[in-house]
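The figures here come from the full heavy-atom set of this structure, side chains too, leaving out hydrogens, waters and symmetry mates. The sequence lines fix the lettering, A, B, ..., with proteins before strands; numbering per chain opens at 1.
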Number of protein chains: 2
Amino acid sequence: MPRISDKRERLISAADALIHRQGFYRTTLADIAEEAKVPLGNVYYYFKTKEDICKAVVTERKQSLSNMLKSCCRRSEPMDALMNLIKVMIGHSRELAESGCPLGGLCQELDEECGELMDCADSCMKYLVDWSTEQFRLMGLKQAEELGFEFVSRIQGVILLGNILNDPRRLKQQLKAVAEWITELDPDYREEERAAA
Amino acid sequence: MPRISDKRERLISAADALIHRQGFYRTTLADIAEEAKVPLGNVYYYFKTKEDICKAVVTERKQSLSNMLKSCCRRSEPMDALMNLIKVMIGHSRELAESGCPLGGLCQELDEECGELMDCADSCMKYLVDWSTEQFRLMGLKQAEELGFEFVSRIQGVILLGNILNDPRRLKQQLKAVAEWITELDPDYREEERAAA
DNA sequence: GTCTATATGTTGATAGAC
DNA sequence: GTCTATCAACATATAGAC
């Protein structure tokens, strides 16, 4: 019996996966407990309510998103940062087509009546939009706010439709089209790429 | 007491609104019955299961979508048909920002385990994609399939993000940006518009 | 066709032994 | 900290009077 149990992490991890695959409301505590191999009653030692588990999941996703975005920025020009993000998503195109965007899906499921939890999830999406906007701003583009919104909305739309139509190939192809669109925003980009090669 | 009751229609209408606002799983039969002012037990005279109500809602939405698309096409060139569709959405930007897309939201909520119901909902989205693709094809554009997917995914993304960020103004502005994008696909379009004016 | 009452099953949450 | 047993609330669905 380990002094420091990993049950809490297992529960969050299980909830994360299940909420992604089935959504928050369809996922029961029994589902989570079973997936995490933790007895149902024991769940309440770690989390006061089901909502609390979800909040922990969102917190972890926000951290994970933050790490990903920082990693995209590292040693990269703003446009390349955006491209890096798309590359990451292309790498996950199969899961995205399978279960949609973990962030977008959850945000849509939650509404005002979910209170704090919705704010928590929505703030992740805002974070992504703000980050994207900042990249466009750093690129010196006018209307960076519009572009940031457009960038994220295009990605979200592609994932949503790729999921609904269950078409990872098209999802991937359309993510590339978004990347292509970005390069066209900076006329010099292609020449720079060629020069660097 | 009317010989032909409108209870069935009231139930579908109530379910339609509630599913749009709250989603399918969060909406209970009691909610629907109350909104439709029909006693709970009586619901089962009209629908065998909750799933059946949702199927009726989807069927109605599909019919409504079909009417809308036909109306967009009537007396219009393919590009104008696409523009008409966007105009309709712009007219609904407030509700779309409030509760998201009735079609996209439901499709995302349902997955393989929902069986027939998911197929039903997804077929609506496919229908929209196919219609859009057909417009691009009629415009004589290469890669009409890619464009059809891109068109719908952009609209879905804009609605999703407009809903999450609760920003009807930006939603409207971004729908216009999609319209702008379409016009740029046909270099002659603007001149034609000007000539027609 | 309509409605009340209720069966049946599931879910989130708790109590309390260990 | 852990786990079993169970509660209370709610949801879908049914039975049966009218």
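Between B:Tyr45 and C:dT2 there is no side-chain polar atom (N or O) within less than 4.0 angstrom of OP1 or OP2. Phosphate contact (OP1/OP2 of C:dT2, side-chain N/O of B:Lys7, threshold under 4.0 Å): present. The shortest distance between the side-chain N/O atoms of A:Ser5 and the OP1/OP2 oxygens of D:dT2 is below 4.0 Å.
At whole-Å resolution of the value, CZ in A:Arg26 and P in D:dT12 are 14 Å apart. Between the C1' atom of D:dA11 and the CD1 atom of B:Ile53 lies a distance of 13 Å, rounded to the nearest Å. A straight line from CG of B:Asp31 to P of D:dC10 spans 12 Å, rounded to a whole angstrom. Rounded to an integer number of Å, the gap from B:Phe47 CZ to C:dT2 P is 13 Å. Regarding B:Lys50, its NZ atom lies at a distance of 12 Å from the C1' atom of D:dC10, rounded to whole Å. For the pair A:Glu34 CD and C:dT11 C1', the interatomic distance rounds to 15 Å; values are reported in whole Å. One can place OH of A:Tyr25 at 11 Å from P of C:dG12, the figure rounded to the nearest angstrom. Atom CZ in B:Arg10 sits roughly 14 Å away from atom P in C:dG1 (whole-Å rounding).
Contact check on B:Arg137 versus B:Glu145 returns no salt bridge, with no Lys/Arg side-chain nitrogen under 4.0 Å from an Asp/Glu carboxylate oxygen. Between A:Glu146 and B:Arg170, at least one side-chain nitrogen of the basic residue sits less than 4.0 Å from a carboxylate oxygen of the acidic one, meeting the salt-bridge criterion. In summary, B:Arg10 and B:Asp6 engage in a salt bridge, as defined by a charged side-chain N under 4.0 Å from a carboxylate O.
A:Ile164 is not connected to B:Leu110 by any chain of hydrophobic side-chain contacts under 4.5 Å among Ile, Leu, Val, Met, Phe, Trp and Tyr, and they are in different clusters.
Considering only side-chain atoms of B:Asn42, the nucleotide from C:dA13, C:dT2, D:dA13 that sits closest is C:dT2. Of the candidates C:dC3, D:dT12, D:dT4, D:dT12 carries the atom nearest the B:Leu29 side chain, counting heavy atoms from C-beta on. Considering only the side chain of A:Tyr44, C:dT14 comes nearest among C:dT14, D:dT2, C:dC3. Considering only the side chain of A:Tyr46, D:dT2 comes nearest among C:dC3, D:dT2, C:dT2. For A:Leu40, counting side-chain heavy atoms from C-beta on, the closest listed nucleotide (C:dT11, C:dA13, D:dT12) is C:dA13.
The only member of B:Lys70, B:Gln63, B:Lys62 that meets side-chain hydrogen bond (donor to acceptor under 3.5 Å, both in side chains) when paired with B:Ser66 is B:Lys70.
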